[in-house]
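Structure record follows, encoded as structure tokens.
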There are 2 protein chains.
Amino acid sequence: MSKNAKFVEKLRETGLRPTKQRVKICKVLFDREKTFHFTINDLVKRISEEFNEKISLATIYNTVHAFEKKGYLKEISINSDKSYFDTNTSVHHHFYDEDTHKLIDCNENDIESINIKKNITGKKINSVEVLIRVASDNQNQN
Amino acid sequence: MSKNAKFVEKLRETGLRPTKQRVKICKVLFDREKTFHFTINDLVKRISEEFNEKISLATIYNTVHAFEKKGYLKEISINSDKSYFDTNTSVHHHFYDEDTHKLIDCNENDIESINIKKNITGKKINSVEVLIRVASDNQNQN
DNA sequence: ATTATACATTATAATCATTCTAAACTGTTG
DNA sequence: CAACAGTTTAGAATGATTATAATGTATAAT
Ligand SMILES: [Mn+2]
Ligand SMILES: [Mn+2]
Ligand SMILES: [Zn+2]
Ligand SMILES: [Zn+2]
């Protein structure tokens, strides 16, 4: 199956019509070897770089959230500035580099299993995520 | 020492002059048995309820951030909607109730120690925080 | 105590990420 | 092709947060 056909399928599975804008978003997001983290602004920049063309912000937000809802993207909360998204949708944790503001994956087997001894009555656990904030190790920091 | 004198001291330690607005903020934040979580909006509401008086948003933001910088408050990132703050400044984790949008503390000893096997070269770990998202356990959910 | 100064408060405007709107456009189906 | 439902888009609206700059106040020097 061609890459394009895959994206069309992915869009259909998400309940979206395969328009040219959405296929372009797919190319930027899913036509890669490795997974990666991005902000909406990153995505806009990549699209304008790769296609020399602008897709409306509304379309980008709508499509990204549709993929998130379907489970093809994951949203990561670091601070209240902006949202980060992740093309790695497996259960995994993150390092957040406070110098560069970049996320780095930390797989489940990079952390010894987390055992929670407390529970909230009447509630089920939806996710357990660890965020490890890191920063430069040297002295010359402000 | 009177409560008031304590707050004045706390403000001085934070490098802030003990004005009447700031002392009121202290009363709302630090004159309690138990620690709690709040948003800026919560704080504004509490102030207007307890003192029947409005303190400017700018003053509230500035004071809260000054306390955070000094280590008297902790900022918690849940989503990009808004910031949550915590009067519990110890190292601890959180349950986030996705139904009520409330935080519940999860102390370090409610979780078996987290052992991170991976590290980022040249970086030191500033914090390791676990966020456990929970939601209603019953079926009648949309 | 008066005064001078630096720091604070405030209302309001600005910013910025995100969402909404409603008009123009396009994929799909018959 | 025609009709319709779904889509894109620019721009406006929203809402949290931050900046501005005029007015007010705590503090320390006189
Ligand atoms: Mn979302
Ligand atoms: Mn802060
Ligand atoms: Zn990731
Ligand atoms: Zn807490």
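Note that the structure is predicted; figures quoted are calculated from it, not measured. So that the names make sense, note that chain A is the first sequence line, chain B the second, and so on, each numbered from 1.
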Does OP1 or OP2 of C:dT19 have a side-chain N or O of A:His65 closer than 4.0 Å?
yes
Could you tell me whether the side chains of A:Thr59 and A:Asn62 share a donor-acceptor contact shorter than 3.5 Å?
no
Can you see if the side chain of A:Arg22 gets near the phosphate of C:dG27 - specifically, an N or O under 4.0 Å from OP1 or OP2?
no
Out of D:dT17, C:dT9, D:dT9, which nucleotide sits closest to the side chain of B:Leu57?
D:dT17
note: B:His101, atom NE2; D:dG15, atom C1'; distance rounded to Å ~ 16 Å
d(CD, A:Gln21; C1', D:dG6) in whole Å:
13 Å
Electrostatic pair B:Arg32:B:Glu50 at N-O distance under 4.0 angstrom
yes
To the nearest Å, give me how far apart NZ (B:Lys82) and C1' (C:dC16) are.
17 Å
Separation of B:Leu16 atom CG from C:dA6 atom P, in whole Å?
18 Å
Using atom CD1 of B:Ile25 as one end and atom C1' of C:dA8 as the other, report the distance to the nearest whole Å.
11 Å
Can B:Asp99 and A:Lys123 be counted as an ion pair, charged N to O under 4.0 angstrom?
yes
Please pick, from C:dT18, C:dT10, D:dT8, the nucleotide with the shortest atom-to-atom distance to any side-chain atom of A:Ser83.
C:dT18
Is a donor from one side chain sitting under 3.5 angstrom from an acceptor on the other, for A:Asp105 and A:His94?
yes
Using a cut-off of less than 4.0 Å, is there contact between a side-chain N or O of B:Lys54 and OP1 or OP2 of C:dT10?
no
A:Phe38: partners by ring-ring contact (aromatic ring centres under 6.0 Å, His included), with sequence neighbours left out:
A:Phe36, A:Phe85
In whole Å, what is the span from the CG atom of B:Leu11 to the P atom of C:dC7?
16 Å
OP1 or OP2 of C:dT18 versus the side-chain N and O atoms of A:Tyr61: is any pair under 4.0 Å?
yes
Any carboxylate oxygen within less than 4.0 angstrom of a Lys/Arg side-chain nitrogen, looking at B:Glu129 and B:Lys74?
yes
Base, sugar-phosphate alone, or nothing: which one does A:Asp81 contact when heavy atoms must sit under 4.0 Å apart?
sugar-phosphate
Please determine, by modelled atom types, if B:His37 and B:Asn88 share a side-chain donor-acceptor pair under 3.5 angstrom.
no
Picking from C:dT9, D:dT9, C:dT18, the nucleotide nearest the side-chain atoms of A:Ser56 would be D:dT9
Can you check the B:Glu75 CD to D:dT17 C1' distance for me, whole Å?
11 Å
Atom pair distance, as rounded to whole Å: CD1 in B:Ile60 and P in C:dT10
9 Å
How does protein reach along nucleotides 19-30 of chain D, written 5' to 3' as B (base within reach of a heavy atom under 4.0 Å), S (only sugar-phosphate), or - (no contact)?
B------BS---
